[in-house]
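Report on one structure; see the data block that follows.
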Amino acid sequence: MRPGKTIVTIMKNKLTLILLTIWVLPAFAQKDYTKEVEALLSKMTLEEKIGQMTLYTSGWDVTGPTLNENYKADIRAGRCGNIFNAHTAKYNRDLQRIAVEETRLKIPLLFGYDVIHGHKTIYPIPLAEACSWDLELIEKSARLSAREAAASGLHWTFNPMVDIARDPRWGRIAEGTGEDPFLGALMGAAKVRGYQGTDLSDPYTLMACVKHFAAYGAAQAGRDYHTVDMSERELRQTYLPPYKAAIDAGAASVMTSFNEYDGVPATGSKFLMDKVLRQEWGFDGIIVTDYGSVAEMIPHGFAVNGKHAGELAANATVDMDMQSGVFQNNLKQSVEEGKVSMKTIDDAVRRVLLKKFELGLFDDPYRYSNEEREKQEVFSDEMMQHARDAGRKSIVLLKNEPFNGQKLLPLAKTTRNIALIGPLTEAPEDILGSWHASGDASKAVTLLSALQQAVPGAKIFHAQGCSTESDDRSGFEAALNAARQADVVIMAVGENYRQNGEAASRSDIGLPGAQQALLEEIYKLGKPVVVVVMAGRPLTIGWMDENIPAIVNAWHLGTMAGPAITDVLFGDYNPSGKLVITFPRNVGQIPIFYSMKNTGRPFNANDKYTSKYLDVANTPLYPFGYGLSYTSFKYSDLKVSKPVIGFGEKLQVEVTVKNTGDRAGEEVVQLYTRDLVGSVTRPVKELKGFQKINLKPGESEKVTFTLTSDDLRFYTQAMEYKAEPGDFKVFVGGSSADVLEVGFELK
Ligand code: GLC
């Protein structure tokens, strides 16, 4: 064989080997621990098995209404095999030592925590980060969060929260990715990949936990923990896809939700936990309840007492009882009475032990508790830079109209006198957002300090003016004085971190406290005003939209919120965020979302008898997918590759996008479809694709999408998940409300 050929052959073989290593091996990285699990299970007493089905909060950080002060004694007695709300390498090492040195079988503890958008370094709240429409960015945030948390003694995060929410009165809308199932599914899967990587025993990864199963975000009237009642079709069509996508991405666990669905509390629902999760989706990971939700089946009126509640949960294939102690105190008797089978117990314990083996805890129980590594990872430069990058990409520019003939944004860095006014100008804990867990507010960079750094030559007149809660207006005068001395006023208003998140629903989602009054007083001075809104939900800011020329929606952006905001205000970053949640004009419009039905009497201004309100338009203040840039984009030449496609055939959709402004910018090109006629009525639009592109001034790009009949599937009247033939529309644009359209037929 010619030497050259030999070399080529060797090179080819090496390349094959490399590709195999890259592509094939990770799929088998997870070792099979069946033998080890069965060997351990066979030694366990019933009490020890139930201990592995028990999860208690440590006293370090309590995230719910109850605390078991005896959790250390329970660990020592083998009555508690899992702990949450405990972290730092040292604290967890000390707790782990009790389990692996003082118990009979030395089974390591599992440590869980709510690492929702960062651990010590805090990234934008999930609702904000979703507005980046940047899946790589979202996955990276999860990956970096896992690095920091896994260095601090943690194995398991109670995230991603993928609850679809269409009611901004619900405080936990802050924790999710908005109103759309297509987007929610992609983002939930990205977070699972980020947290878990390809090998749970990697000491830089965390087990993910998809929550809250299911449909927790559909609480009636946006009131937290309230009843959820919808058709099975709506559940499967709108609310389940993100959970399914996260589980298909390999999520190791699922958390049950507090709410009932169809009259049955999720924690005891055989339909949700066994039929859908286990049987239909083949999920064989851990199902853990939410905080005390087993016992809450009693006030739900679904269980007569704790023992009955425990039997309902265990028989629904729930594996672990978070915090209620019901499994710990009742399951033994239930098994002895035959109300819960030993097989049910063994199946649950197998799933818990398997994850502990896969995490590598039996090889090295202290693998995640390394104080040296903790020092290196926490607040690393990479994490702080990513926090800033994620922050600015989460910002949505809502308005930027001329003031005295000149657009206010981006502000000139030569601006001499700037007034910075409002309760969120210097609010280090509030900018971390509602679920910042172990986030360190002392590291948060506020808007005030970032402004001083961004324009060191400017004179900054700072006044809070009022708080986010009280009606006290005694600070107004100082704020007005600051504004009078300025060439431009920047106001930072919105919610503090306690005014959204869990158990923080609001019936009025306007600016809380005296902020609106302060804004109107400042406005009367006639100065150019830029408003930065910082909140964990859409706010009803209609007056602001009518009167203020420049509005930046900056959510709660985390540790680097300040620099992220000034990067946008002064044009160091051209805002690219697009809303993933509709902003209503008022609470009366709620629920309002882009993919609504057309009804039999769609609104017609010339016809009284059509679907509308007498006192407000049907349209939202700002629609799903909306967000401005400092440049502008023009869409043209939308076309489809053919007017008719068959089932399984591909339809190419093409549009030209041009940057018609004077600076480079990113644009999220969105593709929606509409099924004009179905065996059940279909929404007027459904998101089916998007691409984030970057264009220089004057640059054009042809953006193409591919659709097949699979993308057009829905739950038909017969509850079959399939596409139906007929006419469709395709819409493409930079917002759900600003699109080009073209038709095609599926035959
Ligand atoms: C809370 C939340 C849940 C969280 C859990 C543990 O009540 O509902 O999202 O993961 O308790 O803190």
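Each ligand, and each atom within it, is numbered from 1 in the order the structure gives. Values reported hereafter were calculated over all heavy atoms of this structure, with side chains retained and with hydrogens, waters and symmetry mates removed. Given the structure is predicted, the values throughout are model-derived calculations rather than measurements.
Shown here is E371, whose CD atom has more than 12 heavy atoms of other residues, nucleotides or ligands within 6.0 Å.
Below 4.0 Å from some heavy atom of W435 lie the following atoms of ligand 1, by number and element: 1 (C), 2 (C), 4 (C), 12 (O). Those atoms of ligand 1 with a heavy atom of R172 less than 4.0 angstrom away are 2 (C), 3 (C), 8 (O), 9 (O). Shown in contact with K211 at under 4.0 Å from a heavy atom are these atoms of ligand 1, numbered in order with element: 3 (C), 4 (C), 9 (O), 10 (O). Proximity to Y291 (heavy-atom distance under 4.0 Å) selects the following atoms of ligand 1: 7 (O), 11 (O). Short contacts between ligand 1 and F258, defined as distances under 4.0 Å to a heavy atom of the residue, involve ligand atoms 7 (O), 8 (O).
Between I75 and Y56 there is no side-chain heavy-atom pair separated by less than 4.5 Å. You'll find the side chain of L154 reaches within 4.5 Å of the side chain of L206, heavy atoms only.
If you look at E502 next to ligand 1, the close heavy atoms, those under 4.0 Å, all belong to the side chain. Under 4.0 angstrom from ligand 1, there are no non-hydrogen atoms of Y216.
For F302 and H308, the gap between ring centers reaches or exceeds 6.0 Å. Separation of the Y91 and W60 ring centroids falls under the 6.0 Å cut-off. Between Y216 and Y239, the distance from one ring center to the other does not fall under 6.0 angstrom. Taking the six-membered ring wherever Trp is involved, the centroid distance between the rings of W281 and F213 falls below 6.0 Å.
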Trace of the side-chain contact (heavy atoms from CB on, under 4.5 Å) decision for F583 with N553: CA-CA 11 Å; F583 272 55; N553 196 70; 3.8 Å; yes
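Atom 3 (C) of ligand 1 has as its closest protein heavy atom D290 OD1, 3.4 Å. Looking at atom 9 (O) of ligand 1, its nearest protein heavy atom turns out to be H212 NE2, 2.6 Å. Taking atom 4 (C) of ligand 1 as the reference point, the nearest protein heavy-atom neighbour is D114 OD1, 3.2 Å.
Residue-ligand proximity: Y113 is placed with every non-hydrogen atom at 4.0 Å or more from ligand 1. Residue contacts with ligand 1: M255 is included, with a non-hydrogen atom under 4.0 Å away. Judged by the shortest distance from any of its heavy atoms, Q323 lies outside the 4.0 Å radius around the atoms of ligand 1.
Among H436, H386, H556, H117, the one residue that satisfies the ring pair (Phe, Tyr, Trp, His ring centres under 6.0 Å) test with Y123 is H386.
The shortest N/O to N/O separation between T63 and ligand 1 falls below 3.5 Å.
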